[in-house]
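Convention: sequence-line order gives letters A, B, ...; per-chain numbering from 1. Below, all heavy atoms of this structure are taken into account, side chains as well, without hydrogens, waters or symmetry copies.
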There are 2 protein chains.
Amino acid sequence: MVRRSGRRPGNQDTRQSILEAARSTFAEKGYDNASIRAIAASAEVDPALVHHYFGTKEKLFLATMNAPINPGELIPQALDGPREQAGERLVRMALTVWDSPAGTAALAVFRSALSNEWTARLLREFVVTQILRRAIGELVTDPAEAPMRSALVATQIAGILVPRYVLRIEPLASADPEILVAALGPNVQRFLADPLPGVFG
Amino acid sequence: MVRRSGRRPGNQDTRQSILEAARSTFAEKGYDNASIRAIAASAEVDPALVHHYFGTKEKLFLATMNAPINPGELIPQALDGPREQAGERLVRMALTVWDSPAGTAALAVFRSALSNEWTARLLREFVVTQILRRAIGELVTDPAEAPMRSALVATQIAGILVPRYVLRIEPLASADPEILVAALGPNVQRFLADPLPGVFG
DNA sequence: CGTTGAAATCAACGCTAGATGAATTCCCGC
DNA sequence: GCGGGAATTCATCTAGCGTTGATTTCAACG
């Protein structure tokens, strides 16, 4: 029997609209403060339907993050190019991601990680294994210095993200991305490759 | 009859111990996730007593932050000294504050601000009026450039605080303060006074 | 048709939260 | 030594949460 009887899984845009409502609600309020009931209301749907589709709140969160976050394609772009401008490329990549729709999902993870334990673990593992080791680590020549230099680079990225997307402090929140690239790129570059007296040696 | 309710003999520094319990609990869990019941338990006190002393949860939070946060004395220290090392002094000051007991309160505000709306407003106003305008603004020569330069400096400070105190990512979390001063001081200095091509002009 | 089974809703459970007001106990000035 | 008021606790109230199971609706099939 190829086709079974019964109602076709019709109108699948309900599932999709729940996902979208979840993504924006999680991004806005973080994991804990985003209630399933609020998500359901935002999708104009019964709360129980959310469970029907996604099971638990954790699974809904993971489903929300699963689609948009896929660093596999972006990272090579950041690595490709002259070494002296790697700093600028990293900043530009971060801003591009966070200004895109996928950035909403990233913001959700980030905001949640700051107040919830298991989402924090999620973010930490993702950042360490995917971003720091895989991307930034490649750009640092001396392996012994890689952990500290990667962490310092992360410092710069977090430094933009928090004021610009989480706290929305002006003039950073509405600054043109290229201005931030010009401002922060050299600092990132310094952490990647310049000698750091007082830190190493 | 077993003595269950009623006034406790001696030791009426209860109010103070509630404040301390509140401060550390807020710092650890943020505003929303810190329950009055947990604070009361940590102070070995009935939850209703917390309300008796402080009214609402918001008022308790404000009372908790009121005492320790008083930047009036610190800021002159950061301003005093050679202009070329102002960046390092700012970083050192930030780390000193956050490593002190008062830093617990600051951490509470900061962590709360990342997931809660009204505490975010609280932090924004405090940062903008007290820190940015009053302190960092003094160090920037061109007034037209002050807002952006101050914000960029704030970027650097936030960049250390989040990984070091909120997320506790190594090796930043346990790095010696002077190492971070050496690493980040020059970046801050650049934002304070160096020409920023691509940002201004 | 009638059957089927997914979509969607309803009503409720158990839990935790902040808040309230009455009741109880004790300190302190008189 | 006594009475008022502050300190402390108790028992609740209300509201919202995630979750569950029963129930209803309805398009697609034989």
Side-chain angles (χ1 to χ4, degrees), chain A residues 1-23 25-26 28-64 108 111-112 115-119, chain B residues 1-23 25-26 28-64 108 111-112 115-119:
Chain A
M1 272 229 212
V2 191
R3 308 195 114 196
R4 299 165 126 220
S5 65
R7 183 181 192 167
R8 281 304 144 91
N11 248 7
Q12 198 162 346
D13 39 347
T14 321
R15 192 193 150 97
Q16 194 57 33
S17 72
I18 291 178
L19 267 180
E20 280 165 25
R23 199 178 49 175
T25 309
F26 278 135
E28 200 179 334
K29 314 217 180 196
Y31 180 79
D32 289 316
N33 289 17
S35 72
I36 291 219
R37 293 168 132 99
I39 292 171
S42 157
E44 291 172 321
V45 137
D46 191 277
L49 193 58
V50 178
H51 282 96
H52 173 65
Y53 276 121
F54 298 98
T56 102
K57 190 183 180 181
E58 288 199 6
K59 285 184 193 163
L60 171 63
F61 187 79
L62 291 175
T64 305
R111 187 167 240 134
S112 302
S115 64
N116 181 283
E117 219 7 84
W118 82 266
T119 50
Chain B
M1 213 51 181
V2 193
R3 311 184 325 161
R4 310 189 66 171
S5 69
R7 181 177 194 162
R8 220 161 45 189
N11 256 6
Q12 55 199 64
D13 44 341
T14 327
R15 190 193 151 98
Q16 193 57 33
S17 73
I18 291 178
L19 267 180
E20 279 164 26
R23 198 177 50 172
T25 309
F26 279 136
E28 198 180 336
K29 314 216 178 195
Y31 180 79
D32 289 315
N33 290 18
S35 71
I36 289 214
R37 292 168 134 100
I39 291 170
S42 158
E44 292 172 320
V45 135
D46 191 277
L49 193 57
V50 179
H51 282 101
H52 172 65
Y53 276 122
F54 300 98
T56 99
K57 189 182 181 184
E58 289 198 5
K59 285 185 194 163
L60 170 63
F61 186 78
L62 292 175
T64 305
R111 186 167 241 136
S112 303
S115 65
N116 181 285
E117 218 8 82
W118 80 267
T119 49

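B:Phe54 meets the ring-ring contact (aromatic ring centres under 6.0 Å, His included) test with no other residue; sequence neighbours excluded.
Side-chain N or O atoms of A:Lys57 include one that pairs as donor or acceptor with a backbone N or O of A:Ala34 at under 3.5 Å. Checking side-chain atoms of B:Thr64 against main-chain N and O of B:Leu60 turns up a donor-acceptor pair under 3.5 Å. Not one N or O on the side chain of B:Asp13 forms a donor-acceptor pair closer than 3.5 Å with the backbone of B:Gln16.
Here D:dG18 presents its P atom at 10 Å from CG of A:Leu60, a figure rounded to the nearest Å. Taking atom NZ of residue B:Lys29 and atom P of nucleotide C:dG18, one finds them 12 Å apart after rounding to whole Å. Rounded to whole Å, the distance from CD on B:Glu58 to C1' on C:dA17 is 15 Å. Between B:Ile39 atom CD1 and C:dA17 atom C1' there is a gap of 12 Å when expressed in whole angstrom units.
Close to C:dG18, at under 4.0 Å from its OP1 or OP2, lies no side-chain N or O of B:Thr56. Under 4.0 angstrom from either OP1 or OP2 of C:dA7 there lies no side-chain N or O belonging to A:Thr14. Taking side-chain N and O atoms only, A:Tyr53 has a distance below 4.0 Å to OP1 or OP2 of C:dA8.
The aromatic rings of A:Phe26 and A:Tyr31 lie parallel to each other, their planes meeting at an angle below 30°, with 60° marking the opposite boundary.
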Check nucleotides 14-17 of chain D against the protein and report each pair of N or O atoms closer than 3.5 Å, with its distance, or say if there are none.
residue : atom : partner : partner atom : Å
D:dC17  : OP1  : A:Ser35 : OG           : 2.9

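Residues B:Leu49 and B:His52 are in side-chain contact: their nearest non-hydrogen atoms beyond the backbone lie under 4.5 Å apart. Here the side chains of B:Glu28 and B:Thr25 are not in contact, with every heavy-atom distance at 4.5 Å or above. Side-chain contact between B:Ser115 and B:Asp32: present, with at least one pair of heavy atoms (C-beta onward) separated by less than 4.5 Å.
The stretch residues 42-52 of chain A touches DNA chain D through A:Ala48, A:His51, each having a heavy atom within less than 4.0 Å of the strand.
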